[in-house]
Amino acid sequence: MAERATNLLENLVITRIFDAPRELVWKAWTDPKLVMQWWGPTGFTSPSCEIDLRVGGRYLFCMRAPDGQEFWSGGEYTEIAAPEKIVAVLFYANKNGKVEPADGNDVEVRDVVTFEEIGSGQTKLTFKRSHWDEGEDTGSNQIFDKLAVFVAELAAKVK
Amino acid sequence: MIKRLSQSPASVHGLTEPFALSQQMISKHIAYLVRARIVKKTKLGRESVVTLRPEAIKAVSDWALDYRRFWEESFDKLDAVLTEMKKKEVKDGRTRDKSFGKSCDHQDL
């Protein structure tokens with residue numbers, strides 16, 4: 001059970017083929033008004049979204065659960081190659097933007113999103129999330145542990 | 001570390017060994033896990049023993065699956081948004097074409 005979770009978290013790669021041209025998918029991913037229409041799982045809404053699409057710029061997404069609870073996600077763009085690739089490093093966030101993790105000992109989480117033209121007007125989107133500690137080679141288990149902590153905190157909030 | 005603890009409880013010292021990290025780093029990390037109620041720490045004489053809370057690992061594992069579901073469901077919604085965008089684009093294209101005196105009424109959506 002734990003093994004499966006580890007694999008899922010460390011190698012989270014999700015691909016999806018959209019029946020739409022790449023420019024359109026890129027737009028839906030980078031235009032706040034459009035992101036608000038799809039960000040969050042089934043039953044969630046997105047009441048707010050800010051995007052400053054440039055290297056060093058940040059994004060701040062919000063999704064609202066059916067019970068009204070809001071979840072904020074933020075990141076800083078480290079690479080933007082329109083309309084092919086976006087790389088961002090995530091940070092803990094609330095409605096005011098970035099917040100420092102409680103113990104000041106954060107693990108870096110990086111998202112790489114690529115948009116690939118595959119013909120017939122279709123686009124393959126690949127979302128890859130990676131976790132690593134800067135500096136010491138602390139091993140993947142620790143990284144997973146930290147993520148687990150984040151999860152537990154999230155779960156506690158939900159309760 | 002969670003993987004190690006899933007086999008059996010361990011002392012802080014015992015946890016330090018396989019990770020090639022300072023005891024200080026490990027202690028900090030354990031404190032983190034204790035706070036998150038993923039493990040519990042009990043004093044046994046001079047040693048502290050760290051035990052994994054089974055309910056925590058299940059929560060983490062369930063969440064890992066939710067994590068993927070989160071994206072899959074978001075992508076389902078994104079798919080719907082794109083379909084709408086495409087429709088709108090075709091419609092706008094039509095309007096533009098008509099203004100140039102062309103008819104696209106035969107166009108199959």
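Quick note on labels: first sequence line is chain A, next is B, and so on, each numbered from 1. Worth knowing before you read on, the calculation uses all heavy atoms, side chains too, and leaves out hydrogens, waters and symmetry mates.
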Quick test of your reading of the model: are B:Lys86 and B:Glu89 salt-bridged, counting only N-O distances below 4.0 Å? no

Does the plane of the ring in A:Trp29 sit parallel, tilted or perpendicular to the ring in A:Phe127? Use 30° and 60° as the thresholds. tilted

Side chain / backbone / both / neither for B:Glu72 at chain A, heavy atoms under 4.5 Å: both

Region of A:Val25 in contact with chain B, defined by heavy-atom distances below 4.5 Å: both

For the residue pair A:Trp39 and B:Phe70, is the inter-centroid distance of their aromatic rings smaller than 6.0 Å? yes

Check whether any side-chain heavy atom of B:Val49 lies under 4.5 Å from a side-chain heavy atom of B:Lys43, and answer yes or no. no

Among the listed options A:Pro21, A:Pro41, A:Ser46, the residue most often paired with chain B at heavy-atom distances under 4.5 Å: A:Pro41

